[in-house]
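All values reported here derive from a predicted model rather than from experimental measurement. Letters A, B, ... mirror the listed sequences (proteins, then strands); counts begin at 1.
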Number of protein chains: 2
Amino acid sequence: MSISKNEYERLARFRRALRQFLRFSELAAHQEGLTPQQHQMLLAIKGMPGRDWATVGELAEALQLHHNALVQLVDRAVTIGLVVRLADPEDRRVVRVQLAANGEAVLHRLTAQHQDELRRLREDLTGLLTSLPDVSA
Amino acid sequence: MSISKNEYERLARFRRALRQFLRFSELAAHQEGLTPQQHQMLLAIKGMPGRDWATVGELAEALQLHHNALVQLVDRAVTIGLVVRLADPEDRRVVRVQLAANGEAVLHRLTAQHQDELRRLREDLTGLLTSLPDVSA
DNA sequence: GCTATTATATCATCATGTGATATTATCACA
DNA sequence: TGTGATAATATCACATGATGATATAATAGC
């Protein structure tokens, strides 16, 4: 089955909109002095249902990174005071990563900006998603 | 104005879903022997309305990269036979980047996979987007 | 207690985005 | 035309960050 030029154009518009959102997000993070991944890590921690910490492994899953990449990410975030490492009382292999006060403050500011931007993009993105052709096979 | 824990959780779910889609995309590209950016460049070219080529500047805009990063991207893509550089007959400053036969074939395969994946994710993503709280200010 | 498995950490390496700078072409306007 | 300003692409040195291989430590199964 072939794919029409029109369909390529639609997908390209979708990816461009996505890329623009991500770029906005990267720049917003940089303006707060963080890398984009540091921001995503803060959000993933704060976003853990019913908890205020996450393990290294959970964060790796959330950010779709390998554990070793995440260890380095945590290292840097600890250095600049965004998060702290805590021992898990129940399983001593586990490290709990928790927001530091400054991490909490930065995340709050970034989140507010992102909500605004997402409201602005919402229609574009959902439009491009729902206009995908239904099953081709 | 503060942001509820619930709202952080919702945003975290959205970013995770996004990240999972992007990760799927990265892996699909790698399995075809491309970097994710090479794939995005092919799609951006094919997605130019009414044309089958794009300038370096247009691609930089579409991928939200600086021109110099894009030049390097084109270099590598030319080397492995995904695209070709053509002179623009109307403006000799401009370089037209066009798909090579192999680039076309790879893009077709990747696009089919992505359509399937997007159909699968569509509900999740639109759900998380439309449930954003309305204006807070 | 012995082995397998899970969680985190370390390190060398490589790819890629950035900033500064260069080169060439076009345009506005004298 | 010709001169300066701007635009499009290119080059290069550098730094960040992901990956793969390997290590260390703790837990679980039996």
Worksheet item: dT10(C) P sits how many Å from Leu73(A) CG, rounded?
Response: 15 Å
Fill in: His30(B) and Thr35(B): side chain donor to acceptor below 3.5 Å
no
Worksheet item: Is Glu9(B) salt-bridged to Lys46(A), going by a charged N under 4.0 Å from an acidic O?
Response: no
Practice prompt. Determine whether the side chains of Gln115(A) and Glu7(B) contain a donor N or O and an acceptor N or O closer than 3.5 Å.
Written response: yes
Fill in: Lys/Arg-Asp/Glu bridge criterion (N-O < 4.0 Å) met for Arg122(B), Glu117(B)
no
Item to complete: Could you check how far CD of Gln72(A) sits from P of dC11(C), rounded to whole Å?
Response: 11 Å
Practice prompt. Can you measure from CE (Met41(B)) to CG (Leu82(B)) and round to the nearest 0.5 angstrom?
Written response: 7.0 Å
N/O-N/O pairs, protein side and nucleotides 2-9 of chain C side, under 3.5 Å:
residue: dT6(C); atom: O2; partner: Arg93(A); partner atom: NH1; Å: 2.9
residue: dT8(C); atom: OP1; partner: Val56(A); partner atom: N; Å: 3.4
residue: dT8(C); atom: OP1; partner: Val95(A); partner atom: N; Å: 3.1
residue: dT8(C); atom: OP1; partner: Val95(A); partner atom: O; Å: 3.4
residue: dT8(C); atom: OP2; partner: Gly57(A); partner atom: N; Å: 2.8
residue: dA9(C); atom: OP1; partner: Arg85(A); partner atom: NH1; Å: 2.8
residue: dA9(C); atom: OP2; partner: Arg85(A); partner atom: NH1; Å: 2.8

Worksheet entry | Residue-level proximity of residues 25-49 of chain B to DNA chain C when a heavy atom falls under 4.0 Å | Thr35(B), Gln37(B)
Practice prompt. Calculate the interatomic distance between Glu61(B) atom CD and dA7(D) atom P; express it in whole Å.
Written response: 15 Å
Practice prompt. Evaluate the criterion side-chain contact (heavy atoms from CB on, under 4.5 Å) for residue pair Leu43(A) and Leu11(B); output intermediate values, then yes/no.
Written response: CA-CA 8 Å; Leu43(A) 179 60; Leu11(B) 277 171; 4.3 Å; yes
Worksheet item: Is atom CD of Glu123(A) surrounded by more than 12 heavy atoms (other residues, nucleotides or ligands) closer than 6.0 Å?
Response: no
Worksheet item: Quick one: Leu65(B) CG to dT9(D) P, roughly how many Å, whole number?
Response: 14 Å
Worksheet, complete the sentence: Here the gap from Arg10(B) atom CZ to Leu128(B) atom CG, rounded to the nearest 0.5 Å, amounts to 8.0 Å
Practice prompt. Check whether any side-chain nitrogen or oxygen of Arg92(A) sits under 4.0 Å from OP1 or OP2 of dA25(D), and answer yes or no.
Written response: no
Response to the item:
From CG of Leu63(B) across to P of dG17(C) the rounded distance in Å is 9 Å
Discussion item. Using the side chain to side chain donor-acceptor pair (under 3.5 Å) definition, which of the options Arg120(B), Arg119(B), Gln113(B) pairs with Asp116(B)?
Written reply: Arg119(B)
Worksheet item: Is the phosphate of dT16(C), meaning OP1 or OP2, less than 4.0 Å from a side-chain N or O of Arg76(B)?
Response: yes
Worksheet, complete the sentence: dG20(D) -> Watson-Crick or G-U wobble partner, both distances under 3.5 Å, gives dC11(C)
